[in-house]
Amino acid sequence: MNGISQTLELADRPATSGRIVEWNDAKGYGWISAGEKRVFAHIKEFGPRQRRPVAGDEVRFTPGVDGQGRLRATSIRLTDSSVRIGIGAWFILGVMLLLPLLASLYLPGPDWALPTAMAMASAAAWWAYRRDKRRAEAGEWRVSEANLHLLELLGGWPGAFLAQRKFRHKTRKVPFQIVFVGIVLIHQLVAVDVILDQALSRAMMRFLER
């Protein structure tokens, strides 16, 4: 009886705070810890224009009870809707940028030309990802994946890499990620070729001429 009364007391509250302690993103549900209670949460109860929740997120919600008398969260809002880009992501990006930035020293013209062009393309890619994410949340016409990949190919892949993690966008779509990784590898190979004074491209030409 004590557990039932605590459940009813929690459900009577107009709104309360909690923390997501378990989340299955593939199935779209998880559990919120609110005091001594675990409250069921479904992705449909998260309002529009919010990122995907993850375990550890602080939330505000309205407690409710389902048909079987179990607690469930309704009208869930993330306390902090932003996503911090982790140190690991910054480290990976730094490693991926080593070869392209080193290659810029071997190109004719000022050393800052390539990094500046990549920064501008990255800003455009970041903006495109942000716009596509917001349009997806609003159910509006999307930015095409071809345009996103074009910006990455033009040198904006660093901005795309960060935007994917900041907005939690396109990270679970395997075909999209395969193309993205391919674009990054192309930039790495081109950088190696520049550093080696076009040794790779000359070897490729000789192979094709056989």
Side-chain angles (χ1 to χ4, degrees), residues 15-32 39-62 64 72-94 96-97 115-184 186-187:
T16 189
S17 299
R19 181 173 61 87
I20 298 176
V21 292
E22 184 179 338
W23 186 258
N24 188 325
D25 197 57
K27 296 183 178 179
Y29 67 80
W31 299 90
I32 298 173
V39 185
F40 179 77
H42 195 276
I43 189 63
K44 291 182 180 180
E45 294 295 337
F46 286 83
R49 304 183 70 84
Q50 293 192 89
R51 62 171 172 81
R52 303 285 294 191
V54 295
D57 279 338
E58 300 290 335
V59 295
R60 290 280 294 174
F61 66 95
T62 301
R72 65 177 295 125
T74 63
S75 303
I76 309 172
R77 298 290 301 179
L78 294 169
T79 302
D80 183 5
S81 60
S82 63
V83 177
R84 294 179 179 85
I85 301 173
I87 296 176
W90 286 106
F91 176 78
I92 294 172
L93 179 61
M96 292 191 299
L97 282 171
T116 300
M118 291 182 66
M120 294 175 64
S122 291
W126 174 281
W127 177 84
Y129 269 85
R130 180 172 177 268
R131 187 179 186 186
D132 187 49
K133 177 67 173 182
R134 291 190 172 183
R135 287 186 172 186
E137 292 171 338
E140 298 175 351
W141 192 264
R142 304 284 298 279
V143 178
S144 71
E145 293 186 352
N147 286 339
L148 294 177
H149 287 318
L150 177 61
L151 289 170
E152 297 158 4
L153 188 61
L154 292 176
W157 61 267
F161 176 83
L162 294 176
Q164 289 174 17
R165 282 141 189 84
K166 176 66 176 179
F167 306 123
R168 296 192 182 277
H169 194 45
K170 300 294 187 181
T171 55
R172 294 184 298 274
K173 193 168 184 180
V174 175
F176 185 92
Q177 284 297 312
I178 290 175
V179 176
F180 174 74
V181 171
I183 289 173
V184 175
I186 289 173
H187 279 267

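We're numbering straight along the sequence, starting at 1.
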Scan the side chains in residues 149-160 for donor-acceptor partners under 3.5 Å anywhere in the protein, sequence neighbours excluded, and list what turns up.
| unit_1 | atom_1 | unit_2 | atom_2 | d |
| --- | --- | --- | --- | --- |
| His149 | ND1 | Glu152 | OE1 | 2.8 |
| Glu152 | OE2 | Tyr129 | OH | 2.5 |

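- Checked by atom type and distance alone, the side chain of Arg52 never pairs as donor or acceptor with a backbone atom of Arg168 at under 3.5 Å.
- We find the CG-CD1 distance between Leu78 and Ile20 to be 6.0 Å, quoted to the nearest 0.5 Å.
- The two residues Ala73 and Glu45 make their nearest non-hydrogen contact at O-CG, 3.3 Å.
- The distance from atom CG of Leu97 to atom OG of Ser122, rounded to the nearest 0.5 Å, is 8.0 Å.
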Begin from the C-alpha positions of Phe161 and Ile92 and carry the test side-chain contact (heavy atoms from CB on, under 4.5 Å) through to its verdict. CA-CA 10 Å; Phe161 176 83; Ile92 294 172; 3.9 Å; yes
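- Of all non-hydrogen atoms in Ala41 and Ile76, the two that sit nearest each other are CB-CD1, 3.7 Å.
- Contact annotation: the side chain of Asp57 never approaches that of Trp23 to less than 4.5 Å [non-hydrogen atoms, C-beta and beyond].
- Remark: Asp132 CG to Arg135 CZ distance equals 8.0 Å, nearest 0.5 Å.
- For the pairing with Gln177, the side-chain hydrogen bond (donor to acceptor under 3.5 Å, both in side chains) check across Lys170, Arg172, Gln164 returns one residue only, Gln164.
- The shortest heavy-atom contact between Val143 and Ala128 is CG2-O, 4.1 Å.
- By the 6.0 Å contact criterion, CZ on Arg130 is open, its count of non-hydrogen atoms from other residues, nucleotides or ligands being 12 or less.
- Here Glu58 pairs with nothing under the salt bridge (Lys or Arg N to Asp or Glu O under 4.0 Å) rule; sequence neighbours left out.
- Every residue meeting the ring pair (Phe, Tyr, Trp, His ring centres under 6.0 Å) condition with Phe40, not counting sequence neighbours, appears here in chain and number order: Tyr29, Trp31.
- To the nearest 0.5 Å, the span separating CZ on Arg131 from NE2 on His169 amounts to 12.5 Å.
- Atoms CD and CZ, from Glu145 and Phe176 in turn, are 5.5 Å apart once rounded to the nearest 0.5 Å.
- Not counting sequence neighbours, the partners of Lys44 by the side-chain contact (heavy atoms from CB on, under 4.5 Å) test are His42.
- For Phe167, the ring pair (Phe, Tyr, Trp, His ring centres under 6.0 Å) partners two or more places apart in sequence, or in a different chain, are Trp126.
- Applying the side-chain hydrogen bond (donor to acceptor under 3.5 Å, both in side chains) criterion to Ser17, with sequence neighbours excluded, gives Arg60.
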